[in-house]
Amino acid sequence: MKYKIFFLAITLLITTSTLPVTATASDFSREKIARMTAEEKKARLEEIKGRVEEIRDMDRSNLTRAERKELRREVRDLNKEARAIGRGGVYISLTGILLIILILILVL
C-alpha cells in the first residue's frame, strides 16, 4: 500500500513539475519578421553575416571565459534569427508525400 502511494506521489510530481524557461536576449520575434519587407529581410541578413564574420575574425585568445561564452550565445542567437528570416517555401514530410501518392493512386 505504501508503494502505491509512493509511486502515485512520484508520478504526480513528475507530471506536474515544469522547467523554468528563461527569456533569450534576442530581439526578434515572428511578428516582427512577418512585418518586414523583402528588402529589410535582405538587409538584416547582411548585417547578421557581417557580425558573424566580425566575430569569426576576432582574436579570442585574450578574452575571458565569460566573454567567449557571451560571443557563442550571440552567434547562436544570430543563427536562430537568420534561420527565422530565411524560412520560406513549403516543406513536405515523408509521411505527407506518401499520403499524397496513396491518394493519387486511389483516385487515378
Side-chain angles (χ1 to χ4, degrees):
M1 184 69 177
K2 288 183 180 181
Y3 289 114
K4 288 183 180 179
I5 294 173
F6 176 73
F7 286 124
L8 180 67
I10 293 296
T11 305
L12 183 66
L13 180 68
I14 290 172
T15 57
T16 60
S17 65
T18 59
L19 296 174
V21 178
T22 59
T24 60
S26 61
D27 60 346
F28 71 96
S29 65
R30 294 185 193 271
E31 296 84 21
K32 185 176 179 182
I33 293 172
R35 283 186 268 131
M36 294 174 102
T37 63
E39 294 81 22
E40 290 174 340
K41 288 180 183 180
K42 196 175 205 181
R44 181 62 185 147
L45 282 173
E46 290 301 319
E47 289 175 14
I48 290 172
K49 286 179 186 177
R51 179 63 181 149
V52 169
E53 288 175 4
E54 180 181 321
I55 291 172
R56 188 181 311 143
D57 296 337
M58 186 183 299
D59 182 25
R60 295 181 300 262
S61 62
N62 57 357
L63 297 177
T64 65
R65 183 176 182 186
E67 290 170 338
R68 287 192 306 264
K69 189 174 181 179
E70 183 62 34
L71 281 175
R72 282 193 303 269
R73 185 175 297 126
E74 182 181 355
V75 169
R76 270 183 283 178
D77 288 342
L78 289 172
N79 190 15
K80 287 178 186 177
E81 184 178 358
R83 276 196 223 131
I85 290 173
R87 251 185 215 157
V90 178
Y91 296 99
I92 300 176
S93 67
L94 182 62
T95 308
I97 292 172
L98 290 175
L99 285 173
I100 291 170
I101 292 171
L102 285 174
I103 290 171
L104 287 174
I105 290 172
L106 290 173
V107 170
L108 300 174

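Note that the structure is predicted; figures quoted are calculated from it, not measured. Sequence positions, counted from 1, serve as the residue numbers for this chain. All values below were derived from every heavy atom in this structure, side-chain atoms included, with hydrogens, water molecules and symmetry-related copies excluded.
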Mind checking who shares a hydrophobic cluster with [X], ILVMFWY linked at side-chain heavy-atom distances under 4.5 Å?
{"X": "Leu106", "result": "none"}
{"X": "Val75", "result": "Ile55, Met58, Leu63, Leu71"}
{"X": "Ile100", "result": "Leu104"}

Contacts of [X] that satisfy side chain to side chain donor-acceptor pair (under 3.5 Å) - sequence neighbours left out:
{"X": "Arg72", "answer": "none"}
{"X": "Ser61", "answer": "Asp59"}
{"X": "Glu54", "answer": "Arg51"}

Any chance NZ of Lys49 has more than 12 other-residue heavy atoms, nucleotides or ligands included, within less than 6.0 Å?
no

How many angstroms lie between [atom1] in [X] and [atom2] in [Y], if you round to the nearest 0.5 Å?
{"X": "Arg60", "Y": "Arg68", "atom1": "CZ", "atom2": "CZ", "result": "9.5 Å"}
{"X": "Arg83", "Y": "Ile85", "atom1": "CZ", "atom2": "CD1", "result": "12.5 Å"}
{"X": "Leu78", "Y": "Glu74", "atom1": "CG", "atom2": "CD", "result": "5.5 Å"}

What do the steps show when you test Glu70 against Glu67 for side chain to side chain contact (heavy atoms under 4.5 Å, CB included), and what is the final call?
CA-CA 5 Å; Glu70 183 62 34; Glu67 290 170 338; 5.6 Å; no

Would Glu47 and Arg44 satisfy salt bridge (charged side-chain N to carboxylate O under 4.0 Å, His left out), going step by step from the backbone distance to the final call?
CA-CA 5 Å; Glu47 289 175 14; Arg44 181 62 185 147; 2.9 Å; yes

Run the salt-bridge test on Glu53 and Arg56 with the 4.0 Å N-O cut-off and return the result as yes or no.
no

Check whether Ile105 and Ile97 end up in the same hydrophobic cluster, where Ile, Leu, Val, Met, Phe, Trp and Tyr are linked by side-chain heavy atoms less than 4.5 Å apart.
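They do share one cluster, since a chain of ILVMFWY contacts under 4.5 Å joins Ile105 to Ile97.
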
